[in-house]
Amino acid sequence: MKKMVLCSLLLMFIISASGCSNRVWDREQVSPEQKIVIKFSHVVAENTPKGMAAQRFAREVQERTDGRVEVQVFPNSSLYADGEEMQALQDGAVQIIAPATSKLGGLFPYWQVMDLPFAFQDTNAVHQALDGSIGQELTESLENQGFIALAFWDNGFKQLTNNMRPIVTPGDLQGLRFRVMMNSSVLQEQFRMLGARTIPLPFNDVYRYLEKNQLIGQENTISNIYSKKFYQVQKYMTITNHGYLGYVVLANKDYWDSLPQDIQDILNEVIAEVTVWEHEAAAELNELYFNALQEKDNVEIAILTPEERKLWDEAFRPLYNYFGRRVSVDLMHEILQQKEQSKLTTGGET
Ligand code: LMR
């Protein structure tokens, strides 16, 4: 019965969140030569915050441009996978991508600041950083290389899953092998410093590696764990909320600047509205899927207490110095300062 209620809630959320419209298009009015086609490629499932926001963006753009602009969304790495997307954007093979910020870390090392564990108390603290000077530094670095950041979308905080044992203390990671997102040495170091090994892998390979036991575990958000069914091949999940996973919606700057001004204005307006919607949907979806995961019999869930989280936070402290030495001492100080401030404001422990 409980399962049925959850399924109906999920369905209702997806239907209402996707915002069905009754408007009928007269696409014949737009000739193929006049039509602007924007390919939007991403790697996650459609029933995720990013997947649903991309669809919403496409629908709204079609509606508000009366069909002059068609956004074609390619989910699930169906067009380009991790490791290919940035090049495809640079080459003009796609016009929009929305990679996790961690995946920019290779080309743009500053972005790894977003990977520092326990840097953010909650998503408000993330938004504060991205809307402030940290976000400004990050987006400027992109523009210098011909990209434009259109928005920051949330997913949420990462949790640990694995197949070996319940993980409660930092020492429990010892000897295990975890998948990390590609291009972030901070994420690799996060596991290595606690005695675990890492394999950086594209998102679309994770399930297969877990299934074949080529990996013992991985870190991800609830909506990714649920929508990609990682819970089917993982016995244990620990709610750590240790690191943030969010996206930067990226376009090729030359392409963006070449669009007619009225179209650019509509696209910017829609992106801004969809971003507000996406932030709420991300929080709701992660909660909904967490409830659904609690119903699964095959995954044992541990939730860290505030005292246990404090131990993890302390164990990860040296990673801040690693980031400071390797990437930017100024950004390290800035993020630590913000962390202290938000602890004072919220009275939080970590
Ligand atoms: C991952 O690779 O685990 C995530 O970045 C996937 C995503 O885009 O949420």
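Along the sequence shown, the residues carry numbers beginning at 1. Counting starts at 1 for both ligands and their atoms, following the listed order. Everything numeric in this text was worked out from a predicted model, so none of it was measured.
Between the side chains of Y207 and Q232, at least one donor N or O lies within less than 3.5 Å of an accepting N or O. Side chains of D154 and T123: a donor-acceptor N/O pair is absent below 3.5 angstrom, by distance only. Inspection of the H242 and E219 side chains reveals an N or O donor paired with an N or O acceptor under 3.5 Å. In the model, Y247 has a side-chain atom that pairs as donor or acceptor with a side-chain atom of N155 under 3.5 Å. Looking only at atom types and distance, the side chain of Q62 has no donor-acceptor partner in the side chain of E70 under 3.5 Å away.
F290 CZ: more than 12 foreign heavy atoms inside a 6.0 Å radius.
Proximity of K50 to ligand 1, defined as any heavy-atom pair under 4.0 Å, is confined to the side chain (atoms from C-beta onward). Only side-chain heavy atoms of N224 come within less than 4.0 Å of ligand 1; its backbone N, CA, C and O stay farther off. The proximity of N220 to ligand 1, defined as any non-hydrogen pair under 4.0 Å, is limited to the side chain. Using a 4.0 Å cut-off between heavy atoms, R179 contacts ligand 1 through its side chain alone, with no backbone atom that close. Neither the backbone nor the side chain of T221 has a heavy atom within less than 4.0 Å of ligand 1.
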Would D205 and R208 satisfy salt bridge (charged side-chain N to carboxylate O under 4.0 Å, His left out), going step by step from the backbone distance to the final call?
CA-CA 6 Å; D205 287 339; R208 202 160 32 92; 2.7 Å; yes

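Under the 3.5 Å distance criterion, the side-chain polar atoms of R192 are left unmatched by any main-chain donor or acceptor of R197.
Against a heavy-atom cut-off of under 4.0 Å, A100 is close to the following atoms of ligand 1: 5 (O). Interface atoms of ligand 1 facing M181, defined by a heavy-atom separation under 4.0 Å, are 1 (C), 2 (O), 3 (O), 4 (C), 5 (O). Close approach of ligand 1 to V43 (heavy-atom distance below 4.0 Å) involves ligand atoms 8 (O).
If you check which protein heavy atom lies closest to atom 9 (O) of ligand 1, you get Y247 OH, 2.5 Å. Nearest non-hydrogen protein atom to atom 4 (C) of ligand 1 is K103 NZ, 3.5 Å. Among protein heavy atoms, atom 7 (C) of ligand 1 sits closest to V44 CG1, 3.2 Å.
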